[in-house]
Protein chains: 2
Amino acid sequence: MSGIKGGVNPLFLREEDLRQGIELLFFAYRDFTAEADAILADMGFGRAHHRVIYFVGRHPGISVSELLGILKITKQSLSRVLSHLVAEGLIVQHQGTRDRRQRLLHLTEQGQALERRLTECQRERVARAYRAAGASAVEGFRKVLGGLLDSPLPRPGPAATDGAPLAEPDPLTTRRSA
Amino acid sequence: MSGIKGGVNPLFLREEDLRQGIELLFFAYRDFTAEADAILADMGFGRAHHRVIYFVGRHPGISVSELLGILKITKQSLSRVLSHLVAEGLIVQHQGTRDRRQRLLHLTEQGQALERRLTECQRERVARAYRAAGASAVEGFRKVLGGLLDSPLPRPGPAATDGAPLAEPDPLTTRRSA
DNA sequence: CGCGATATGTCAATAGTGCTGACGTACTTG
DNA sequence: CAAGTACGTCAGCACTATTGACATATCGCG
């Protein structure tokens with residue numbers, strides 16, 4: 001495989017380099033989620049609960065379908081997790097005013113506390129990695145990860161504020177248009 | 001949150017930047033595995049089967065415990081998947097010569113074919129992202145991902161060769177010492 | 001040889017996550 | 001109001017992973 005062109009490929013496209021990337025992704029993602037997973041497990045929750053708490057915290061008042069669009073799971077899968085979180089008092093549902101079919105989601109204080117606790121683990125880890133790698137490495141990290149996506153993440157920067165359910169036309173919710 | 005220090009943090013350690021990294025990791029990993037997952041699902045396998053096939057292909061003759069060390073799952077979890085793969089004729093087990101308790105694992109031709117097919121999806125995706133981002137971004141990507149690991153991946157280069165079961169002192173198997 | 005440690009495999013039970021199919025409710029439109 | 005669409009839930013199935021308890025086979029050592 002190596003040396004198809006007779007020499008070293010300057011763009012790291014050799015079999016070995018690509019496999020290293022694949023493996024790095026696997027190990028990094030696993031370690032990245034491990035701490036939060038452990039906290040969740042202690043509370044009878046799983047990783048899916050974290051995702052829901054995370055994105056509801058990120059987008060207060062998000063509707064179930066919008067959340068589905070971000071997570072890209074079926075509504076049935078979300079339903080179980082969401083009901084659980086509501087039953088535990090971490091999330092509250094308010095009927096939408098514009099469309100009363102909607103259940104707009106918000107974290108309770110308890111939910112916010114858990115969100116902070118969980119995300120703190122990951123934020124700390126990312127901060128450590130960023131600090132150790134330096135600013136230009138971070139830029140590269142973002143560029144490559146962005147390139148791995150099915151559909152590129154719209155830039156969060158110059159977002160036009162509108163009166164939509166979500167305060168901002170968020171890149172994450174919008175992304176489901178993939 | 002932003003502006004704790006009154007200004008922009010040059011090292012991307014602001015709340016927003018860290019959250020963007022967290023989300024990028026989530027979306028990228030999901031999209032990264034999606035294609036292979038679909039192929040596996042068609043064959044009645046899951047992601048766990050891919051991991052086993054991948055690492056057995058990567059380390060022919062690996063023992064069950066070494067594989068457990070890489071994957072960091074319980075032997076009961078591995079057992080189910082491994083038995084399935086053996087039953088389907090994708091993996092063969094040979095009794096170890098040095099230690100006859102060991103079952104050294106190898107891919108069959110069929111197993112190799114599937115490994116290639118699955119990994120091809122991911123390799124292509126990574127290659128595309130690498131190409132689009134450029135060599136220096138790739139370096140940054142690796143640096144940051146490496147920083148996310150619990151224990152740093154020993155460099156593949158100047159590793160001290162020992163007489164370990166695996167022909168090479170592989171960074172991945174060695175890593176389980178975490 | 002016999003004993004303890006190691007390597008592997010298996011059974012049973014439990015939990016989390018995701019899926020499809022079948023429904024029910026709420027709203028929109030003709 | 002009826003038909004269609006949007007939104008959400010319940011039931012049942014499959015995959016992954018866990019813990020705990022055992023069962024073999026083998027190795028190393030005294």
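Lettering follows sequence order; numbering is per chain, from 1.
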**Student:** Mapping A:Arg103 and B:Leu82 to their closest nucleotides on DNA chain C, which lands nearer the 5' end?
**Tutor:** B:Leu82
**Student:** OP1, OP2 of C:dT10 versus side-chain N and O of B:Ser79: anything below 4.0 Å?
**Tutor:** yes
**Student:** What is the per-nucleotide protein-contact pattern of nucleotides 15-22 of chain C, from the 5' end, where B denotes a base atom under 4.0 Å from a protein heavy atom, S denotes such proximity for sugar-phosphate atoms only, and - denotes neither?
**Tutor:** -SBBBBBB
**Student:** B:Gln95 near the nucleic acid: base, sugar-phosphate alone, or nothing, with a heavy-atom cut-off under 4.0 Å?
**Tutor:** sugar-phosphate
**Student:** Would you mind checking if A:Glu66 and A:Arg103 are paired as a salt bridge, meaning a charged N to carboxylate O distance below 4.0 Å?
**Tutor:** no
**Student:** Taking the side chain as C-beta and beyond, is there a heavy-atom pair between B:Arg142 and B:Leu145 under 4.5 Å?
**Tutor:** no
**Student:** Could you give the CG-to-C1' distance, from B:Leu85 to C:dG9, as a whole number of Å?
**Tutor:** 16 Å
**Student:** State whether the number of non-hydrogen atoms from other residues, nucleotides or ligands found under 6.0 Å of A:Glu109 atom CD is greater than 12.
**Tutor:** no
**Student:** Indicate, with yes or no, if the rings of A:Phe45 and A:His50 have centres closer together than 6.0 Å.
**Tutor:** no
**Student:** In sequence, state the C-alpha distance, the side-chain angles, and the governing distance for A:Arg19 and A:Glu23, and then conclude on salt bridge (charged side-chain N to carboxylate O under 4.0 Å, His left out).
**Tutor:** CA-CA 6 Å; A:Arg19 283 193 183 260; A:Glu23 290 163 21; 5.4 Å; no
**Student:** At the 4.0 Å heavy-atom cut-off to chain B, mark where contacts on DNA chain D begin and end, going 5' to 3'.
**Tutor:** D:dC15 to D:dC27
**Student:** Test side-chain contact (heavy atoms from CB on, under 4.5 Å) on B:Phe55 and B:Leu105 and set out the steps.
**Tutor:** CA-CA 10 Å; B:Phe55 285 110; B:Leu105 310 172; over 6 Å; no
**Student:** Does A:Arg30 make a cation-pi contact with A:Phe26, if we ask for NZ or CZ under 6.0 Å from the ring centre and within 45° of the axis?
**Tutor:** yes
**Student:** Before accepting this row, confirm whether a basic side-chain N of the pair A:Arg125/B:Asp150 lies closer than 4.0 Å to the acidic partner's carboxylate O.
**Tutor:** yes
